[in-house]
Amino acid sequence: MSARFLVEPDSASAEPLRALRLAIEARAGSPETKGLVFTSPRPGEGRSTISANYALVAAHVQRPVLLVDADMRSPSLHSMFDLPQSPGLVEVLRDRLDPWQVTHTFPSLGGLHVMTAGAPLARQGDVAASTAMGELLERMYEDCEAVVLDSPPVLSAADASGLASHAGTDVVIVVNRSGKRRHLASALRRLALTEANVLGVVVNREGTLATGRY
């Protein structure tokens with residue numbers, strides 16, 4: 001496991017993530033909301049690191065918490081947690097596998113559950129908004145206290161909007177402190193077209209949260 005990417009949940013470095021979790025709970029779209037899509041305007045803004053650490057911190061308070069690598073274009077969570085990329089999300093959707101058969105559990109991380117992206121797949125954007133994805137999320141929302149989805153950047157793919165189209169799913173946008181305001185504005189406009197419920201924007205500073213806008 002790439003420990004350098006992960007915070008100690010009880011440490012001072014995790015405090016911004018604990019504050020983020022409380023802010024998200026306060027602003028969730030409805031009491032039934034269980035899914036949280038982490039995305040960013042562009043690649044390289046620290047979205048995967050923030051989503052993984054958010055799920056890790058949440059797993060020490062809420063159980064069970066499932067972290068899903070929904071970036072089927074450029075997955076990274078399998079590397080972060082030293083897991084095989086496949087089988088994962090793609091196989092669950094394509095082959096109708098039991099999702100818990102391909103989910104990895106880390107007792108040392110508060111019982112955090114991680115589902116990798118799976119094998120490479122064409123037309124990933126269609127998958128994110130598909131009926132099969134909606135049915136899978138519905139089941140996961142029944143089984144879990146929270147489901148954290150690491151999604152591709154908004155300006156690179158339609159996946160985040162597709163995921164957010166499913167009931168019980170909200171969006172958080174991660175931006176790098178050096179990111180362009182116009183990129184954030186474009187991302188917000190694109191998400192607004194699909195009426196995605198954007199909870200807010202958090203600013204990433206070298207893999208950790210610097211400030212949050214909620």
Just to verify, what does T116 make a side-chain hydrogen bond (donor to acceptor under 3.5 Å, both in side chains) with, not counting sequence neighbours?
none
S76 and S48: side-chain donor and acceptor closer than 3.5 Å?
yes
Using only heavy-atom distances, determine whether the side chains of H113 and T103 contain a donor-acceptor pair under 3.5 Å.
no
ring-ring contact (aromatic ring centres under 6.0 Å, His included) pairs touching residues 47-68, sequence neighbours excluded, are F38-Y54
Indicate yes or no: does E135 engage R96 in a salt bridge with an N to O separation below 4.0 Å.
yes
Using side-chain contact (heavy atoms from CB on, under 4.5 Å) as the criterion, list what pairs up with A14, not counting sequence neighbours.
V7, S11, R18, V57
Can you establish whether the number of heavy atoms outside E195 located under 6.0 Å from its atom CD is more than 12?
no
Side-chain donor-acceptor pair present, Y141, T169, cut-off under 3.5 Å:
yes
Polar side chain donor-acceptor pair, S13 to E8, under 3.5 angstrom
no
Do L66 and V61 belong to the same hydrophobic cluster, where Ile, Leu, Val, Met, Phe, Trp and Tyr are linked whenever their side-chain heavy atoms lie under 4.5 Å apart, directly or via other members?
no
Please say whether more than 12 non-hydrogen atoms of neighbouring residues, nucleotides or ligands are located less than 6.0 Å from CD in Q85.
yes
Looking at E25 and R21, does any basic side-chain N land under 4.0 Å from a carboxylate oxygen?
yes
Is there a continuous path of hydrophobic side-chain contacts, each under 4.5 Å between heavy atoms, that joins L17 to F106?
yes
Between W100 and M133, is there shared hydrophobic-cluster membership here, with clusters defined by ILVMFWY side-chain heavy atoms closer than 4.5 Å?
yes
